[in-house]
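See structure below.
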2 protein chains.
Amino acid sequence: MVVRQLDPDEVDRVFAALADATRRDIVTRVLRREASVTALARSYEMSFAAVQKHVAVLERAHLVTKQRQGREQVVHPDVVTIRAAGRLLDRYEEIWRGRIDRMAEILGDTREGDDS
Amino acid sequence: MVVRQLDPDEVDRVFAALADATRRDIVTRVLRREASVTALARSYEMSFAAVQKHVAVLERAHLVTKQRQGREQVVHPDVVTIRAAGRLLDRYEEIWRGRIDRMAEILGDTREGDDS
DNA sequence: CTGACGTACAACCATGTGGTTGTACGTTAC
DNA sequence: GTAACGTACAACCACATGGTTGTACGTCAG
């Protein structure tokens, strides 16, 4: 499985891009089926230019790519980056789990739990 | 396992909060071990007030909680929200996988075990 | 060729964000 | 009680963001 490593700046961009309901919806849509920018724009109550900007933000974060097809620009999802973001959150859970394990070990060995 | 459902506004706040390297580092730190706000502040090359604001952002996103302990305010992680964010990204992968499955079905190619 | 469509991009505005400094307040140590 | 510590919060600044409108350009249909 392809899991690219993201540098901090790209992580910034990925999470920032996902911090907007419209952009999350665009990602969901193109995951189901690719769509041109205007096709996407028709789905939202905002100007075409606004949607175009949202797509640009997703593109800079490598969450989607655009592919010229005649006079249309078709938006595709970039699953690799989405997966990488998920892996990052998994890492947080690992740290937490590791800590719980260490605590259990300490409590098991030295009977340190004085307060609850 | 506790997995709270996040409303869109909270998802906005969670991802926005994670879109900053300092805040991600704070989350990592308190996942390993709780720390007071000043203890955290000592780790970064910025004013105490700046770190305090970062903690406030994480708190509004329910990624951490503060707990008064004497005159200190101890920052704890909120694993439930972190987990919920991970689940959200998993959902994207599910959509993608569902689409791949549908395409394979249409193509009549229902073999299993081929890698992508 | 012409007109309509899809796109790109600049200018502009309001608002939010990330940082600063300064001030105030409760709590602990002496 | 007083001093020092940990915190909270307001005011301020620079800059990014999310939206708008307007203009320009390439591409396809007629």
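Each chain gets a letter, A, B and so on, in the order its sequence line appears, and its residues count up from 1.
Among residue pairs with one or both ends in residues 13-37 of chain A, those qualifying as ring-ring contact (aromatic ring centres under 6.0 Å, His included) are A:Phe15-B:Phe15; sequence neighbours excluded.
Heavy-atom distances under 4.0 Å link DNA chain C to B:Arg23 of residues 11-45 of chain B, given in residue order. For residues 46-61 of chain A, proximity to DNA chain D is found at A:Met46, A:Ser47, A:Ala49, A:Ala50, A:Lys53, A:His54, defined as any non-hydrogen atom under 4.0 angstrom from a strand atom.
With hydrophobic clusters built from ILVMFWY side chains whose heavy atoms lie under 4.5 angstrom apart, A:Val57 does not share a cluster with B:Leu89. Criterion: ILVMFWY side-chain heavy atoms under 4.5 Å apart, direct or through other members. Under it, A:Ile100 and A:Ile95 are part of a common hydrophobic cluster.
The two residues A:Leu58 and A:Ala17 make their nearest non-hydrogen contact at CD2-CB, 4.1 Å. Considering every non-hydrogen atom in both A:Val37 and A:Gln52, the closest pair reads CG1-CA, 4.2 Å. Between B:Ala85 and B:Leu6, the shortest heavy-atom distance links the atoms N-CD1, 4.4 Å. Smallest separation of non-hydrogen atoms from A:Asp20 and A:Thr22: OD1-N, 2.9 Å.
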Between the protein and nucleotides 14-16 of chain C, list every N/O to N/O distance that falls short of 3.5 Å.
none

Listed pairs, N/O of protein and of nucleotides 25-30 of chain C, under 3.5 Å:
none

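Every residue was checked against the side chain to side chain donor-acceptor pair (under 3.5 Å) condition with B:Arg97, not counting sequence neighbours, and none meets it. The salt bridge (charged side-chain N to carboxylate O under 4.0 Å, His left out) test applied to B:Arg23 returns no partner, not counting sequence neighbours. Partners of B:Arg99 according to the side chain to side chain contact (heavy atoms under 4.5 Å, CB included) rule, which considers only residues two or more places apart in sequence or in another chain, are A:Glu34, A:Pro77, B:Trp96, B:Arg102, B:Met103. For A:Glu59, there are no side chain to side chain donor-acceptor pair (under 3.5 Å) partners at least two apart in sequence or on another chain.
One end of the helix from C:dC1-D:dG30 to C:dC30-D:dG1 points its axis 30° away from the other end's axis, with each axis taken from 5 pairs and the angle rounded to 10°.
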Self-check item: Pair A:Leu18-B:Leu88, side-chain contact (heavy atoms from CB on, under 4.5 Å): steps then yes or no
Solution: CA-CA 11 Å; A:Leu18 291 175; B:Leu88 238 152; over 6 Å; no

Got a list of side-chain donor-acceptor pairs under 3.5 Å for residues 42-51 of chain A, not counting sequence neighbours?
unit_1	atom_1	unit_2	atom_2	d
A:Ser43	OG	A:Arg29	NH1	3.3
A:Ser43	OG	A:Leu40	O	3.4
A:Tyr44	OH	A:Asp25	OD2	2.6
A:Tyr44	OH	A:Arg29	NE	3.3
A:Ser47	OG	A:Ala50	N	3.1

Let me have the donor-acceptor pairs involving side chains of residues 61-75 of chain B, under 3.5 Å, with sequence neighbours excluded, atom names and distances please.
unit_1	atom_1	unit_2	atom_2	d
B:His62	ND1	B:Glu10	OE2	2.5
B:Gln67	OE1	B:His76	NE2	3.1
B:Gln73	OE1	B:Arg68	N	3.1

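Between A:Lys66 and the phosphate of C:dA8, there is a side-chain N or O to OP1/OP2 separation shorter than 4.0 Å.
To the nearest 0.5 Å, atoms CG (B:Leu31) and CD1 (B:Ile26) are separated by 12.0 Å.
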